[in-house]
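Data block below; observations after.
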There are 2 protein chains.
Amino acid sequence: MRTTIKQIAERSGLSVPTVSRILSNKGESHLLATRERVLQVARELGYRPNMSARAMRQGRTGTLALLQSGTDQARSLLPAELLAGLLAATAEYDLHLTVAAVPDARLTDQGFMPKILREWSADGLLINYNADIPKAMIELIQSHELPAVWINSMQSADCVYPDDERGGQEATERLLQLGHERIAYATMEGVGHYSDSARRRGYDAAMQRARKSVQHLIVFRHGNVGQESLTNANIEILKGSQAPTAIVCYNTQAVQATIHLATAAGVSTPRALSIIGFCVSPYEALGIRAIDTMVLPELEMGWSAVRMLIRKIEEPHISNAPLPIPYRFEGGWTTAPL
Amino acid sequence: MRTTIKQIAERSGLSVPTVSRILSNKGESHLLATRERVLQVARELGYRPNMSARAMRQGRTGTLALLQSGTDQARSLLPAELLAGLLAATAEYDLHLTVAAVPDARLTDQGFMPKILREWSADGLLINYNADIPKAMIELIQSHELPAVWINSMQSADCVYPDDERGGQEATERLLQLGHERIAYATMEGVGHYSDSARRRGYDAAMQRARKSVQHLIVFRHGNVGQESLTNANIEILKGSQAPTAIVCYNTQAVQATIHLATAAGVSTPRALSIIGFCVSPYEALGIRAIDTMVLPELEMGWSAVRMLIRKIEEPHISNAPLPIPYRFEGGWTTAPL
DNA sequence: CTGAAAGCGCTAACAA
DNA sequence: TTGTTAGCGCTTTCAG
């Protein structure tokens, strides 16, 4: 049977509360001898505290829950780095992280509610919805009394999100500073996420401030068209006399597409074409050392979200200002002065 | 304050156990009237059961824990599909999933133990270690009394893993059946995972059974060499008179590399070069509709692992036979008869 | 510095 | 069909 405090108390000839205090480091006012004895016995018996009991007594579960939008797509909606940040931060504050997904299909179901929202089993909620959040869901969560922080989503309060607009602007400014004038923005067809328009807004703003005209918007279609047509559709842009000398790419996929395109067009990077991309980390493409990257600060975002949520749990009625996380530039080998 | 069963009992003029029984569907022997009344009041007060209390009483937390090896690398060691499978399965059985990571750096630390192992807060353990598992860790977990199932790892019992050898063999056999004779195996430099050697063993076996000589092993180096040298290093293989007409690729990265290489060498797919890759899902590369893929059955693996663990929790002393999960072939547009 | 008593919210066993 | 009693393991008073 599992070892309990009571057993340790009996074995060491002390009372239950004494053992409890020592094992949970409450009050240093204990004889060194008793202390040692208790710890020794606990070790011998392989004691591990029953967190359910502790939680019930203290009114805190010691758990944060991540409510994650549909993971039924192949592409990871829960980026590894974000998860890493959440895990590191929760571990740091001695909390557990439980993950709950709301399948996209059920997102609009009226009746559906994930287990985590039907019960008291976490102290707070981290919400990472990449898709648009149904209004009903937002209200549900707000009426739910559980402290919550939004990740990757702009709300009026209690949210943490990457500063995409500023990121797009900074990427473009870097290229401008290198002397580039014809700078394009490249993205993938059908990206519904607000980050695409936000980065593009930043790009537009930088171009306008520099009094350069906004250049070719390159939109890559996903692969389900024939090899020839796809390549030819964009290849002219890179070969024309007004071809861009630099491109800001929306994501890793767009970077890959751009490189592929450049290879096919016989345009070499960075000699004739500079590239900055929004990637998870300085991406090593084939034949390329590393991409100049605006790194999405997922790790930091995870940490910030956890810290904000902990604050929220401690002071539920104070709402936190939205926290934009700046992108970090990491140099690679894909940009050069014009 | 949070609504409790007691409050519902008072409001509805019934006793606490009656309310408890109705709310947790125990025993159908209740008057319809009382039933309705209780449910009504519960709804009004927004009742949600306190899982800590329930867990303490029942000796079950209703939680499975995923112990995950270091997430400090950029590459996701927790594939989205696996997580999706685990989440779907735990939701199906009305269980929570908590995720705990052991940072690679601390993997060998003697003193280090993740919170989840220091406490009683889960009913069972799902272990997903991609790196080699230190022996000490295995023993620790085995001595830990908590029912455990290994994912992606071959143990003597209680484990679920993809059948890489058979997968490699099947991929190769498909190409042989298409009439190919010069078939290569392509992988990335420095892959430490056993899946590489297992798939390769399967490839070797298929080739030997067909009495074909094992062909060119193509090893792509990661991008940190100049574009020229990398391409040239492998390009000769595809241009030579004994060039392979088909390639089995270890992973998505190797597929990308192969396509890039083929593009550069002027070899078209699938006309002159067939490709089968081990990818997460039929990968849409640029200019390619979809890769012929041996799909890693991560979703199923997640489900199987959860089912096995639940069995293990119910009957801790019965050990489950290792469960190899077969790969699933999904056709694309990158293979053709010779 | 330590112990006795009480109770967190829930459910299982038994009694009515 | 419902109520009474008891107790899961732990921590928090408060008393000694």
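In what follows, chains are A, B, ... by sequence order, proteins preceding strands, each numbered from 1. Only a predicted model underlies this, so the values are computations on that prediction, with no experimental measurement involved.
Every residue two or more places apart in sequence or in another chain that forms a side-chain contact (heavy atoms from CB on, under 4.5 Å) with B/P297 is listed here: B/E300, B/I325, B/Y327. Not a single side chain to side chain donor-acceptor pair (under 3.5 Å) links A/T4 to another residue, sequence neighbours left out.
DNA chain D is contacted by A/M56, A/R57, A/Q58 of residues 55-65 of chain A, taking any non-hydrogen atom closer than 4.0 Å.
Between the CD1 atom of A/I5 and the P atom of C/dG3 there is a distance of 13 Å, given to the nearest Å. Regarding A/E119, its CD atom lies at a distance of 14 Å from the C1' atom of C/dG9, rounded to whole Å. The nearest whole Å value for the distance from the CD1 atom in B/I8 to the C1' atom in C/dG9 is 12 Å. Rounded to a whole Å, the CE atom of B/M51 is 11 Å from the C1' atom of C/dC10. Per the geometry, CG belonging to B/N50 stands 18 Å off P belonging to C/dG7, to the nearest Å. In this structure, B/R2 atom CZ and C/dC10 atom P are separated by 11 Å, rounded to whole Å.
For the pair B/R311 and B/E315, the salt-bridge criterion is not met [side-chain N within less than 4.0 Å of a carboxylate O].
Looking at B/R21, its side chain never comes within 3.5 Å of a backbone N or O of B/K26 through a donor-acceptor pair. With hydrogens and angles disregarded, a donor-acceptor distance shorter than 3.5 Å links the side chain of A/D123 to the backbone of A/G62. Here the side chain of A/H96 pairs no donor or acceptor atom with the backbone of B/T98 at under 3.5 angstrom.
One side chain, A/Q40 or A/R43, offers a donor N or O that lies under 3.5 Å from an acceptor on the other. Between the side chains of B/S143 and B/E145, no donor-acceptor pair of N or O atoms lies under 3.5 Å.
For C/dG9, the OP1/OP2 oxygens have no side-chain nitrogen or oxygen of B/T4 closer than 4.0 Å. For C/dT11, the OP1/OP2 oxygens have no side-chain nitrogen or oxygen of B/K26 closer than 4.0 Å. Under 4.0 angstrom from either OP1 or OP2 of C/dG9 there lies no side-chain N or O belonging to B/R54. Residue B/Y47 has no polar side-chain atom (N or O) positioned under 4.0 Å from OP1 or OP2 of C/dG9.
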Between the protein and nucleotides 2-5 of chain D, are there any N/O to N/O pairs under 3.5 Å, and if so, what are the atom names and distances?
residue, atom, partner, partner atom, Å
D/dT2, OP1, B/T34, OG1, 3.0
D/dT2, OP2, B/H30, ND1, 2.7
D/dT2, OP2, B/L31, N, 3.4
D/dT2, OP2, B/T34, OG1, 3.4
D/dG3, OP2, B/S15, N, 2.8
D/dG3, OP2, B/S15, OG, 2.9
D/dG3, OP2, B/T18, OG1, 2.9
D/dG3, N7, B/R21, NH2, 3.1
D/dG3, O6, B/R21, NH1, 2.9

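Heavy atoms from other residues, nucleotides or ligands lying under 6.0 Å from CZ of B/R307 number more than 12.
At a threshold of 4.5 Å between non-hydrogen side-chain atoms, the residues B/M154 and B/Y194 count as touching.
Rounded to 10°, the angle separating the first-five-pair axis and the last-five-pair axis of the helix from C/dC1-D/dG16 to C/dA16-D/dT1 equals 30°.
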Please table the atom pairs, donor to acceptor, closer than 3.5 Å between any side-chain atom in residues 86-95 of chain A and protein atoms at least two apart or in another chain.
residue, atom, partner, partner atom, Å
A/T90, OG1, A/L86, O, 2.7
A/T90, OG1, A/L87, O, 3.0
A/D94, OD1, B/R118, NH2, 3.0

